[in-house]
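Worth knowing before you read on, the calculation uses all heavy atoms, side chains too, and leaves out hydrogens, waters and symmetry mates.
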Amino acid sequence: MQRFTEFDFGVSWVTGFFHQDWGHDGPTAAAVVAKNLDDVDDEYVLAVRRDAQTLHDGLPSETLEVLWDAGADYMPRFEPITGAQWTQTVVDLCDARLSAKADVRPLAGADVEDGAAQLDAIVAEIEAARFLEAKVRAALVDCARRCTPELAFRLFLRAMLVAHDRSLTPEQYARLETIGSALHYGEFVVDSVQYLVRAD
């Protein structure tokens, strides 16, 4: 069993849209998301929608803002909207994209694995990543416990790519690979942080 893509997906994929030059892809953050959703298969849109709805239902607005900021190289400020409003906007953009088609098949199989069996391992890795700010680690742990561990793990991987002065030991990376395998990820999900492994 493997998920529908070899690469990142869902909200963690969306945070990657927001780099220093994101304005070249659209005049607003919502326009950037809509453009990218138009260019991908239904499974990608369904995964984004599921993640965004899960986050919106499970976490307070302030925690959502921390998670979006942690995963984006350059996230537009959450003013005048809140993290909850932005997350709902992402859900609405997914609904608009999906409503244009009549034959959208729901996610199934490995694509709906929530990682519950990996909760303790994921929380342990988040808490051990001291290069992440304390508020980011706390938000990721809340996500793992109140949303799904699988979603928190992808957001954790994405936060590593954005954090400053980050590094991983070979042992840490091996544990991340083990978790990724249990979550049925494709080759390049956990592999995206392999370059952070420091040579001892």
Side-chain angles (χ1 to χ4, degrees), residues 3 5-20 22 47-48 50-52 54-56 58-78 83 86-87 90 110 113-200:
R3 293 178 185 268
T5 175
E6 291 283 292
F7 300 92
D8 197 9
F9 56 93
V11 161
S12 53
W13 170 66
V14 171
T15 62
F17 303 162
F18 297 102
H19 43 78
Q20 188 170 7
W22 70 267
V48 173
R50 180 189 58 192
D51 282 359
T54 300
L55 289 168
H56 184 271
L59 296 171
S61 190
E62 295 80 5
T63 303
L64 294 175
E65 291 173 22
V66 171
L67 292 174
W68 282 103
D69 281 334
D73 290 310
Y74 182 84
M75 190 70 197
R77 291 182 61 83
F78 284 108
W86 167 244
T87 307
V90 174
E113 170 62 54
D114 66 5
Q118 304 301 315
L119 173 61
D120 291 343
I122 290 170
V123 168
E125 294 305 320
I126 292 169
E127 291 178 336
R130 295 295 173 174
F131 52 83
L132 294 178
E133 292 182 69
K135 67 178 182 180
V136 174
R137 296 197 307 272
L140 288 166
V141 169
D142 281 350
C143 181
R145 290 178 171 154
R146 299 174 61 177
C147 297
T148 72
E150 189 277 320
L151 171 53
F153 188 64
R154 276 186 288 112
L155 292 173
F156 174 46
L157 293 172
R158 180 64 202 169
M160 286 188 211
L161 298 175
V162 177
H164 299 289
D165 300 321
R166 70 273 197 221
S167 66
L168 296 169
T169 66
E171 293 76 17
Q172 281 177 301
Y173 182 72
R175 293 194 298 269
L176 298 178
E177 283 193 308
T178 298
I179 293 170
S181 177
L183 296 174
H184 312 291
Y185 286 158
E187 180 179 358
F188 303 110
V189 179
V190 177
D191 181 74
S192 66
V193 300
Q194 185 175 23
Y195 76 96
L196 300 178
V197 177
R198 64 176 183 264
D200 290 335

Notebook entry, point to check: Can you find a pair of side-chain heavy atoms, one from Trp13 and one from Val48, that are under 4.5 Å apart?
Noted result: yes

Check: Using the ring of each side chain (for Trp, its six-membered ring), is Phe7 parallel, tilted or perpendicular to Phe188, with breaks at 30° and 60°?
Finding: parallel

Notebook entry, point to check: Is the backbone N or O of Glu113 less than 3.5 Å from a side-chain atom of Arg3, with the two atoms forming a donor-acceptor pair by type?
Noted result: yes

Item checked: Euclidean distance, Leu55 CG relative to Leu64 CG, rounded to 0.5 Å -> 6.0 Å

Check: Using the ring of each side chain (for Trp, its six-membered ring), is Trp22 parallel, tilted or perpendicular to Phe18, with breaks at 30° and 60°?
Finding: perpendicular

Next item on the list: Can you measure from CZ (Phe153) to CG (Leu183) and round to the nearest 0.5 angstrom?
Entry: 6.5 Å

Notebook entry, point to check: Closest heavy-atom contact between Ala152 and Leu140?
Noted result: CB-O, 3.6 Å

Next item on the list: Evaluate the side chain to side chain contact (heavy atoms under 4.5 Å, CB included) criterion for residues Asp8 and Ser192: first the C-alpha distance (whole Å), next the side-chain angles of each, then the deciding distance (0.1 Å), finally the verdict.
Entry: CA-CA 9 Å; Asp8 197 9; Ser192 66; over 6 Å; no

Item checked: Nearest heavy atoms of Val136 and Ala70, plus distance in Å -> CG1-CB, 3.8 Å

Note to self: Could you report the tightest heavy-atom contact between Ala52 and Thr87, atom names first, then the distance?
What the structure shows: O-CG2, 3.1 Å

Margin query: Using modelled atom types and a 3.5 Å cut-off, is there a donor and acceptor pairing between side-chain atoms of Glu65 and backbone atoms of Gly83?
Written below: yes

Check: Could you give the distance from CG (Leu155) to CG (Asp51), rounded to the nearest 0.5 Å?
Finding: 7.0 Å

Check: Heavy atoms, side chains only, cut-off 4.5 Å: are Phe156 and Ile179 in contact?
Finding: no

Item checked: Gap separating the CZ atom of Phe131 from the CG atom of Leu196, nearest 0.5 angstrom -> 7.0 Å

Item checked: Heavy-atom closest contact (Thr63 atom, Ala139 atom, distance) -> CG2-CB, 3.7 Å

Check: Which value, rounded to the nearest 0.5 Å, describes the distance between Glu127 atom CD and Leu132 atom CG?
Finding: 12.0 Å

Check: Between Gln172 and Thr169, is there a donor-acceptor pair closer than 3.5 Å when you use the side chain of the first and the backbone of the second?
Finding: yes

Notebook entry, point to check: Shortest non-hydrogen contact from Leu67 to Cys143?
Noted result: CD1-CB, 4.2 Å

Item checked: salt bridge (charged side-chain N to carboxylate O under 4.0 Å, His left out) contacts touching residues 131-142 (sequence neighbours left out) -> none

Note to self: side chain to side chain contact (heavy atoms under 4.5 Å, CB included) for Leu168 and Met160? Distances and angles first, verdict last.
What the structure shows: CA-CA 10 Å; Leu168 296 169; Met160 286 188 211; 4.1 Å; yes

Check: Got a sec, which pairs hit side-chain hydrogen bond (donor to acceptor under 3.5 Å, both in side chains) with one end in residues 143-153, sequence neighbours left out?
Finding: Glu150-Arg154, Glu150-Tyr185

Check: Could you state the interatomic distance from OG (Ser61) to NE2 (His56), rounded to the nearest 0.5 Å?
Finding: 8.0 Å

Notebook entry, point to check: Given the rule in the salt bridge (charged side-chain N to carboxylate O under 4.0 Å, His left out) test, do Arg158 and Asp73 qualify, once you have shown the distances and angles that lead to the verdict?
Noted result: CA-CA 10 Å; Arg158 180 64 202 169; Asp73 290 310; 3.4 Å; yes

Next item on the list: Measure across Pro149 and Asp114 and return the closest heavy-atom pair with its distance rounded to 0.1 Å.
Entry: CD-O, 3.2 Å

Check: Are the side chain of Thr15 and the backbone of Ser12 linked by a donor-acceptor contact shorter than 3.5 Å?
Finding: yes

Margin query: Under the rule for ring-ring contact (aromatic ring centres under 6.0 Å, His included), what residues qualify as partners of Tyr173, not counting sequence neighbours?
Written below: none

